[in-house]
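Take a look at the structure set out below.
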Amino acid sequence: MHSVLDKKIDFLPGVGTTRASLLNTELGIFTYAELIEHYPFRYEDRSKFYQISSLSEDLDNIQLKGKITSVSKAGTGRKERLVAKFTDGTGSVDLIWFQGIKWVEKKLVTGADYILYGKPTIFGHSFNFSHPEITALTPALEKPTGLKPVYSLTEKLRKKFIDSRIIGQITQNALRDIGTNIPENLPESLLVKYKMIPRFQAYQLIHHPKNYSHVRHALRRLKFEELFYNQLSLINQKLLRKNEFEGHLFTKTELLTKFYTDHLPFELTNAQKKVIKEIFFDFKSQMQMNRLLQGDVGSGKTIVSFICMLMAVDCNAQCCLMAPTEILAIQHYHGLKVFAEKIGLKIALLTGSTKKKERTVIHEELLNGTINIIIGTHALIEDKVQFQNLGLCVIDEQHRFGVAQRAKLWNKNKEIHPHILVMTATPIPRTLAMTLYGDLDVSVIDELPAGRKPIKTVHRYDSKRLEVFQFIREEILKGRQVYIVYPLIEESEKMDFKNLMDGYESIARAFPDNPLSIVHGKMKAKDKDYEMQRFVKGETDIMVATTVIEVGVNVPNASLMIIENSERFGLAQLHQLRGRVGRGAEQSYCILMTDFKLSRESKKRIETMVETNDGFKISEVDLELRGPGDMSGTQQSGLVDLKIANLATDGAILKFARESALEILDQDPELIQPQHAMIKAFVDKKKSPRLNWSRIS
Ligand code: ADP
Ligand code: MG
């Protein structure tokens, strides 16, 4: 059945073949449905002009109307900045530019009227705006225009002049064509109970709100819908599995004992032992295991998974370990190969860059059972990868993979589905984890290996850079290695990239005798790996990188991490990054560099990092800080494939959505009652779409 939602965007007014193909490749938008599900991630508030006398620090970007009264330059060299005074009759603020000074200076005319758009931050006793948008006042601009949606874009789209305004217009055209033909997918009773607006209206309001009340209504409805269907499928899977799926029986422990007594290089922590017991219990239960293993960075999840693999291999089953990035897969491979070979197991690596010839051999050896353990990336999911007898799938760092991908692995043994062990270091509060991973049983490693010295974390302003460099030098002299991390986010990609490169050059100048590595997202996988390996082998002293090193990389000799512009990272991410050090026996350090000016929230984040190393504590603060209604950040939460709901902040909606889903499945597990027909139709439709795996992680 074709609905207007399945129509291709190509024939929408304002699109055309060139733009259509750009939207296809850059954002994965092919149909009307995909277009209207590309939600704004924030809004520009053009609904009114604020007055300087009533500014407060918790405001996001706002509009002011007023005059420039003076323009001057301060500082020299890298510190040079342009400062303009701006007044609207109720007070005055400073406008500051650190970059593009020449260009901005030309635009500013003392005494002329402007509209200013930006975020106020408090500095000393007054407010200032850094890098505000400033436009000469014209009669047309005088009228406030409401809320303007801002969409996530890519550099390439921007280059082709496809901006938020254009996406907004195209979306409006699609919505006009669609009208009310967006089928409702929540029963009337739920809409009434939770006072939610109809589905078609939610789409109209999210893309074209007149005020924030519209946004709130639309968000609440769309988030509920998303979480409801998410929970419905999780609960359904859990029910199905509990009732139906028999699991591989792994009861032998010979291999395990041999490894334990002859080759294990350290004593396992009690927490590790406890988790291994829980898993062993599942292996003996004859039911298929679906377990989440949560453990803070450095808690030693990898060895736990390896020990579990040994139990599987002992009973002639094969194991796979899937990592989210190539770097990580390679690292796991090198790490586990040492162990595997000691006890005579065959282990192999399969990633996107495995050569065709080698790949063919691996495919064969998986099928004929020669390979016991395969480590890899997404490449493992491909249909071509078939096993003789897959018994255990380990998925590392779950938040990068979706439920659907787990299902694919699971189907690689249709006779008896493999046991699934999902490992994550994403610190999320326990209650949330239970709900979030509603279809999984949860194990927790809540203890770090003995003798680990807690990482010392300090905060330093950029002005202390020379001292920080001196500290780096001292650590390197002691034979240690250093990470220096720069932010790189999509929204300001170009500038971030420049910062990274500038940073790299200044480090190269300051450390002329030390070999450096650099790794960032724009490099080819092969080059990234080469640079990474040089650092792993200790050939380079300093690794300059973006957050690509965030997940799982393990270099025990690296004892110092510098995070540049650390105010721009979220807490969870800072914690993940910091976890890259403190992996060896030496005292490790993390230095959070920031500018002088910090928002209240950034301050709290930095303070929290300095105070504690405990991932769970950090996650509580994180949850607290990111209050509801904060739309930005929903995209980054990335815990499951959610487009609009944010598990960190939408706990209340999640609770209602879960309760509703439970209630409905309890009454009508097959969804055959007439009042649930719309739910069944939507579930079936969701099952069928063209799946594009590359888009999921
Ligand atoms: P994560 O849980 O973050 O994935 P890893 O599995 O990478 O942590 O382990 C971090 C480091 O700690 C590795 O170098 C690993 O060999 C080591 N390790 C794991 N368990 C123990 C232990 N019980 N005692 C000492 N070192 C351990
Ligand atoms: Mg790990």
Side-chain angles (χ1 to χ4, degrees), residues 256 259-261 263-277 279 291-310 321-340 342 373 375-377 394-401 421-428 433 442-455 480-481 483 532 535-538 548-559 561 572-586 588 590 613-616 618-619:
L256 175 93
F259 176 70
Y260 233 86
T261 41
H263 304 294
L264 191 64
F266 38 67
E267 174 75 8
L268 292 177
T269 63
N270 285 329
Q272 284 172 319
K273 287 182 195 161
K274 175 194 73 187
V275 169
I276 292 168
K277 264 188 214 143
I279 295 170
R291 188 169 282 282
L292 173 75
L293 173 52
Q294 245 196 311
D296 214 339
V297 278
S299 60
K301 295 184 289 293
T302 319
I303 195 78
V304 168
S305 74
F306 182 71
I307 287 171
C308 297
M309 291 183 196
L310 294 183
L321 190 166
M322 184 160 80
T325 65
E326 183 149 15
I327 293 181
L328 256 186
I330 293 169
Q331 188 171 308
H332 277 316
Y333 173 69
H334 288 305
L336 296 185
K337 192 171 183 225
V338 180
F339 293 140
K342 277 190 180 142
I373 297 172
I375 314 257
T377 53
V394 180
I395 305 178
D396 196 14
E397 309 293 352
Q398 142 85 5
H399 60 289
R400 306 268 164 128
F401 293 113
L421 180 66
V422 175
M423 306 196 292
T424 177
T426 310
I428 38 175
V442 179
S443 287
V444 182
I445 304 186
D446 48 8
E447 178 187 5
L448 292 182
R452 240 354 118 67
K453 295 198 181 75
I455 303 162
R480 312 280 141 68
Q481 288 165 283
Y483 290 108
M532 198 63 222
F535 189 67
V536 172
K537 288 183 202 144
V548 292
I549 61 147
E550 176 191 347
V551 183
V553 169
N554 189 21
V555 181
N557 189 47
S559 63
M561 165 155 296
Q573 208 176 14
L574 287 173
H575 181 66
Q576 285 282 324
L577 281 170
R578 179 172 60 182
R580 298 310 111 219
V581 296
R583 300 186 148 242
E586 310 304 333
S588 288
C590 174
N613 276 306
D614 181 338
F616 286 101
I618 289 173
S619 71

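Order of listing sets the numbers, starting from 1, for every ligand and every atom in it. If you're wondering where the values come from, they're calculated on a predicted model, not measured in any experiment.
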Query raised in the report: Taking C-beta and beyond as the side chain, do Leu293 and Val422 meet within less than 4.5 Å on heavy atoms?
Result: no
Query raised in the report: Quick one: does ligand 1 sit under 4.0 Å from the side chain of Met423, the backbone, both or neither, non-hydrogen atoms only?
Result: neither
Query raised in the report: Taking the non-hydrogen atoms of Pro556, is any one of them nearer than 4.0 angstrom to ligand 1?
Result: no
Query - Non-hydrogen atom of Gly295 closer than 4.0 Å to ligand 1 - result: no
Query raised in the report: Counting heavy atoms only, which of Phe339, Phe266, Phe306 is nearest atom 22 (C) of ligand 1?
Result: Phe266
Taking only heavy atoms of [X] into account, list the atoms of ligand 1 that are under 4.0 Å away from them.
| X | value |
| --- | --- |
| Thr269 | 23 (N) |
| Ser299 | 2 (O), 8 (O) |
| Leu268 | 23 (N) |
| Glu267 | 22 (C), 23 (N), 24 (N) |
| Thr302 | 4 (O), 5 (P), 6 (O), 7 (O) |

Query raised in the report: Is there a donor-acceptor contact under 3.5 Å linking the side chains of His575 and Asn613?
Result: no
Query raised in the report: Would you say Gly298 and ligand 1 have an N/O pair spaced under 3.5 Å apart?
Result: yes
Query - Spacing of CG belonging to Leu328 relative to CE belonging to Met322, to within rounding of 0.5 Å - result: 12.5 Å
Query raised in the report: So which heavy atom on Leu321 is nearest to which on His332, and how close?
Result: CD2-CD2, 3.8 Å
**Report entry** Donor-acceptor under 3.5 Å (Ser588 side chain, Gly582 main chain)
**Finding:** yes
Requested in this report: Keeping the roles fixed (side chain from Gln294, backbone from Ile445), state whether a donor-acceptor pair exists under 3.5 Å.
Outcome: no
Query - Other residues, nucleotides, ligands: >12 heavy atoms within 6.0 Å of Lys273 NZ - result: yes
